[in-house]
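A quick write-up on the structure given underneath.
Throughout, protein chains are lettered first and strands after them, A, B, ... in sequence-line order, and every chain is numbered starting at 1. Predicted model, so just to flag it, every value in this text is computed and none were measured.
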Amino acid sequence: MHRYRTHTCGDLRETQAGEEVRLSGWCHRIRDHGGVLFIDLRDHYGITQCVIDPDSGAFAAAEKLRSEWVVRFDGHVRRRPEGTENPEMPTGFVEVYVTAILILGPAAELPLPVFGEHQYPEDMRLKYRFLDLRREKLHNNIMLRGAIIDSLRARMKAGGFFEFQTPILTASSPEGARDFLVPSRLHPGKFYALPQAPQQFKQLTMVAGFDRYFQIAPCFRDEDARADRSPGEFYQLDIEMSFVTQEDVFEAVEPVLRGIFEEFGEGKPVTQQFPMISYSAAIRAYGSDKPDLRNPLLIHDVTQAFRDSGFGVFAKRLAADPEARVWAIPAPGGGQRTFCDRMDSWAKSEGQPGLAYIFWREGEETGAGPVAKNVGPERTEHIRRGLNGVPGEWVQVPAPELTASTGEKFPLEVANPYRQLRPEGLKAGDAVFFVLGKPDDIYKFAGLARQRLGTELNLATKDVFEFCWIVDFPMYEWNEDEKKIDFSHNPFSMPNFDHDAFIALDDADQATTLSIKAFQYDIVCNGIELSSGAIRNHRPDIMKKAFALAGYDEAVLLEKFGGMYRAFQYGAPPHGGIAPGVDRIVMLLAGEENLREVVLFPMNQRAEDLLMGAPSEVTPKQLRDLHIRLNLPEKKG
RNA sequence: GGGGGAGUAGCUCAGCUGGUUAGAGCGCCGGCCUGUCACGCCGGAGGUCGCGGGUUCAAGUCCCGUCUCUCUCGCCA
């Protein structure tokens, strides 16, 4: 007989009744009835009920067992007595009658129990991660993660991609997030950096002629955490392809993601054709470049209805500032004063001056609330009827005409789900909220309000994965602090502009420069940015011009990206790629709200590993070897 | 770096406008219990109320400072 087990705790069924078996595992739950003792024995594969009674010879030993002790049981399988079966468990029709017990690993009193679904404090869970990981939900999440990564690999390989490994110790990159640095012992005063992404390596792999690259790539960024952003390190399905257009990348990646979500999405519908939405249309219609399309609400432009109106606050601002707009977010079902006031105080808590609104109720068809009174019944009626998802004279709907990457147009009801909700405009019981300001200043808040209304009014579709492409990101943006033009995303993207005309551009022509779009795209699912990618700029002359337009001369380009700039001098193929975030994909598929629920050993929000105690101090000798002298900040107080 | 929330038994939490000996559930220890699967019943141990200072006759409760955790904004080519 094997030293530890003949079967796992998930194996045994009625067909094995009568067999002599040996099981090893953790004491999951112990029920002591005095004369008979039930121990649920748990391992990775399942749980098996084990029974000990005074006749078994193991009774005295069994009474000493406690939760989470690791034990080996010898015994025989038997069918459970009639009426005591547990159909909830795969092994619920059998039990093991235990005749011998060997304690393999006793456990101290637990800081957090494994059994049950109680919520425990985050720092406790992280410090005792090995216990937390024994719990069913987290254990399953980690196994799901592995299965998803297997499937991603298989799908990529089936798509003709090859997996590569790129360096972990590399050079600090000047753009983007803060780097993690590793001091060099052999080169005093110099540092390696952990890669924020294998961006340059994958492009160089294309220059080297490998054609279709992928990697489940670790990425390191020294930035503060978010619920959907791990501190320090995370994984991307990193992809790069040669001789491709944007559409080729879409056609390669879309089926992989759709397939993964269909395979692991437990039957929840997945967008069959990912619509393409331009960055500017997304900002105007959803107030975000990562719109949650489960929410049917659209932001309407009702500037016209307030211009020269009796609502002084808005009318004056519109008269004074030609760029100012009034954006309206319809709130079907939100037409109660208490609800509107609650939204107003929420807006104030978000640092806004407030949230103007009109609402409609039976007997007050001309609209209730101070805004309606000041604007007057005629304009209020234009707003009410105009908020039906169809553009009109007084109300503009910036709903994009959605296109699939195949070029196919989506029908209006897909592109504009809001139209289905209120085809005749708002009615009694509904409300509308108004945001005033320059689009650049108000879009984020308008987007937040749209999300909040969707949630509060329970309008969002549930149990679906709504995907879209966000395309046509601006190549440059205005940096208000430094009063200069900056790269909007990354300097590697190819401008979506005639190449000769681009090179001929006047460096001082800021208006044209700021209007240039890039072949830069994101995939968004349920309001979460899953990946970002681009067709790269593989031409040194265009790259030099791209830097010049952002105010950098060739010396800067050489200093910052010398390796790649040099590589592009020797025959670079047109190429592009994308990098879906593996952790976020798993998070969505596991139905979790926080990345820590899908990472085996995560750090806390302050980038500390509470289990291993990282980061930690090191010995003076280690520092001497690295030629480092500490210069610590003064202790506060 | 800014803002919100939290810190009371091993864990989750209650503890009102300051007032006698700080409570409950789970866990732990002991006893009883032969069919449970969140087993049940009886008893017990376990608390510098995060830390420091202040106000007060009296502070878990009010004030100030500080530390820790958490969410969030900044940040994230």
Quiz prompt | Residue list, side-chain hydrogen bond (donor to acceptor under 3.5 Å, both in side chains) with A:Gln605, at least two apart or on another chain | solution = none
Quiz item: Say you pick atom C1' in B:rU36 and the same atom in B:rC41; how far apart are they, in whole Å?
Solution: 15 Å
Self-check item: Rounded distance in Å between the C1' positions of B:rG47 and B:rC73
Solution: 38 Å
Quiz item: Under 4.0 angstrom, heavy atoms only, what part of the nucleic acid is A:Arg596 near: base, sugar-phosphate, or nothing?
Solution: sugar-phosphate
Quiz item: Tell me: CG of A:Leu131 to P of B:rG27, nearest whole Å?
Solution: 16 Å
Practice problem: Write down the distance between CZ (A:Phe445) and P (B:rC73), rounded to a whole number of angstrom. | Solution: 14 Å
Quiz item: Can you tell me the Watson-Crick or wobble partner of B:rA6, both distances under 3.5 angstrom?
Solution: B:rU68
Self-check item: Interface residues of residues 603-613 of chain A with RNA chain B (non-hydrogen, below 4.0 angstrom)
Solution: A:Asn604, A:Gln605, A:Arg606, A:Glu608
Self-check item: Residue pairs involving residues 78-101 of chain A (criterion ring-ring contact (aromatic ring centres under 6.0 Å, His included); sequence neighbours excluded)
Solution: A:His76-A:Tyr97
Quiz item: Say you pick atom P in B:rC37 and the same atom in B:rG30; how far apart are they, in whole Å?
Solution: 23 Å
Quiz item: Over how many whole Å does the gap from A:Phe115 atom CZ to B:rC39 atom C1' extend?
Solution: 11 Å
Quiz prompt | Partners meeting ring-ring contact (aromatic ring centres under 6.0 Å, His included) with A:Tyr476 (sequence neighbours left out) | solution = A:Phe487
Quiz prompt | Mate of B:rC37 where both pairing distances stay under 3.5 Å, Watson-Crick or G-U | solution = none
Quiz item: For A:Asp55 and A:Met124, take the nucleotide of RNA chain B holding the closest heavy atom to each; which residue's nucleotide lies nearer the 5' end?
Solution: A:Met124
Quiz item: Can you check whether A:His33 stacks with the B:rU36 base, using ring centres under 5.5 Å and planes within 30°?
Solution: no
Exercise. Give, ordered by number, those residues of residues 191-205 of chain A having at least one heavy-atom distance below 4.0 Å to an atom of RNA chain B; if nothing qualifies, reply none.
Key: A:Ala197, A:Gln199
Self-check item: Separation of the C1' atoms in B:rG50 and B:rU70, to the nearest angstrom
Solution: 15 Å
Practice problem: Please name all residues satisfying side-chain hydrogen bond (donor to acceptor under 3.5 Å, both in side chains) with A:Gln16, sequence neighbours left out, ordered by chain then number. | Solution: none
Quiz prompt | For A:Asp541, side-chain hydrogen bond (donor to acceptor under 3.5 Å, both in side chains) partners two or more places apart | solution = A:Arg539
Practice problem: Find the distance A:Glu82:CD to B:rU36:P and express it as a whole number of Å. | Solution: 14 Å
Exercise. Could you tell me which residues satisfy side-chain hydrogen bond (donor to acceptor under 3.5 Å, both in side chains) with A:Asp507, sequence neighbours excluded, listed by chain and number?
Key: A:Lys545
Exercise. Once you apply the 3.5 Å cut-off to both distances, tell me the Watson-Crick or G-U wobble partner of B:rU20, or none.
Key: none
Practice problem: May I ask you to say what A:Asp224 touches in the nucleic acid, namely base, sugar-phosphate or nothing, with a heavy-atom cut-off under 4.0 Å? | Solution: base
Practice problem: Using the C1' atom as the reference point in each nucleotide, state the distance between B:rC69 and B:rC32 in Å, no decimals. | Solution: 43 Å
Quiz item: Does A:Arg226 have a side-chain nitrogen or oxygen under 4.0 Å from the phosphate oxygens OP1 or OP2 of B:rC75?
Solution: no
Quiz item: Using a distance-only test with no angle check, is there a side-chain donor-acceptor pair under 3.5 angstrom linking A:Gln215 and A:Thr166?
Solution: yes
Quiz item: If you look at every strand shown and take non-hydrogen atoms under 4.0 Å, does A:Pro111 touch a base, only sugar-phosphate, or nothing?
Solution: sugar-phosphate
Quiz item: Contact class for A:Arg78 (heavy atom, under 4.0 Å): base, sugar-phosphate, or nothing?
Solution: base
Quiz item: Start at the 5' end of RNA chain B and walk down; is the nucleotide closest to A:Pro54 or to A:Arg178 reached first?
Solution: A:Pro54
Self-check item: Donor + acceptor pair across side chains of A:Ser56, A:Asp53 (<3.5 Å)
Solution: no
Self-check item: Pairs where residues 590-603 of chain A contributes a residue and the test side chain to side chain donor-acceptor pair (under 3.5 Å) is met, not counting sequence neighbours
Solution: A:Glu122-A:Arg596, A:Arg125-A:Glu597, A:Asn141-A:Glu592
Quiz item: Distance between the C1' atoms of B:rU56 and B:rU17, in whole angstroms?
Solution: 16 Å
Quiz item: Got a sec? Which of residues 518-545 of chain A come in under 4.0 Å of RNA chain B, heavy atoms?
Solution: none
Quiz item: If you measure from the C1' atom in B:rG46 to the same atom in B:rG27, how many Å do you get, rounded?
Solution: 11 Å
Quiz item: Which heavy-atom pair separates A:Asp11 from A:Thr8 by the least distance, and what is that distance?
Solution: OD2-N, 2.8 Å
Practice problem: Determine the contact category for A:Asn594: base if any of its heavy atoms lies under 4.0 Å from a base atom, sugar-phosphate if only primed atoms, P, OP1 or OP2 are that close, otherwise nothing. | Solution: sugar-phosphate
Exercise. Would you mind checking if A:Arg80 and A:Glu85 are paired as a salt bridge, meaning a charged N to carboxylate O distance below 4.0 Å?
Key: no
Exercise. Compute the ring centroids of A:Phe201 and A:Phe164, then answer whether they are less than 6.0 Å apart.
Key: no
Quiz item: For residues A:Tyr565 and A:Glu554, is any side-chain donor paired with an opposing acceptor at under 3.5 Å?
Solution: yes
Quiz item: Taking CZ from A:Arg29 and P from B:rA38, how many angstroms apart are they, rounded to a whole number?
Solution: 8 Å
Quiz item: Do A:Tyr213 and A:Asp238 get their side chains close enough for a donor-acceptor pair, meaning under 3.5 Å?
Solution: yes
Quiz prompt | Nearest-angstrom distance from the residue atom CE of A:Met89 to C1' of B:rA38 | solution = 14 Å
Quiz item: In whole Å, what is the span from the CD1 atom of A:Ile30 to the C1' atom of B:rC26?
Solution: 16 Å
Name the pairs: protein N/O against N/O of nucleotides 28-32 of chain B, kept only if under 3.5 Å.
from, atom 1, to, atom 2, distance (Å)
B:rC29, OP1, A:Arg66, NE, 2.9
B:rC29, OP2, A:Arg66, NE, 3.1

Quiz item: What is the pairing partner of B:rG25, taking Watson-Crick or G-U wobble pairs with both distances under 3.5 Å in any strand?
Solution: B:rC11
Quiz item: Does the B:rC37 base have a donor-acceptor partner in the side chain of A:Asn86 within less than 3.5 Å?
Solution: yes
Quiz item: Considering Watson-Crick and G-U wobble pairs with both distances under 3.5 Å, what does B:rG46 pair with?
Solution: none
Quiz item: Are OP1 or OP2 of B:rU36 and a side-chain N or O of A:Arg31 less than 4.0 angstrom apart?
Solution: no
Quiz item: Any donor-acceptor pair under 3.5 Å between the side chain of A:Arg229 and the base of B:rC76?
Solution: yes
Self-check item: Within 45° cone of A:Tyr552 ring axis and under 6.0 Å: A:Lys560 NZ or CZ
Solution: yes
Exercise. Answer yes or no: are there more than 12 heavy-atom neighbours, outside A:Phe445 itself, under 6.0 Å from its atom CZ?
Key: yes
Quiz item: What integer distance in Å separates A:His28:NE2 from B:rC39:C1'?
Solution: 15 Å
Practice problem: Hey, could you give me each pair passing ring-ring contact (aromatic ring centres under 6.0 Å, His included) that has a residue in residues 37-70 of chain A? Not counting sequence neighbours. | Solution: A:His33-A:Phe38, A:His44-A:His139
Practice problem: For B:rC13 and B:rU8, measure between their P atoms and round to the nearest Å. | Solution: 9 Å
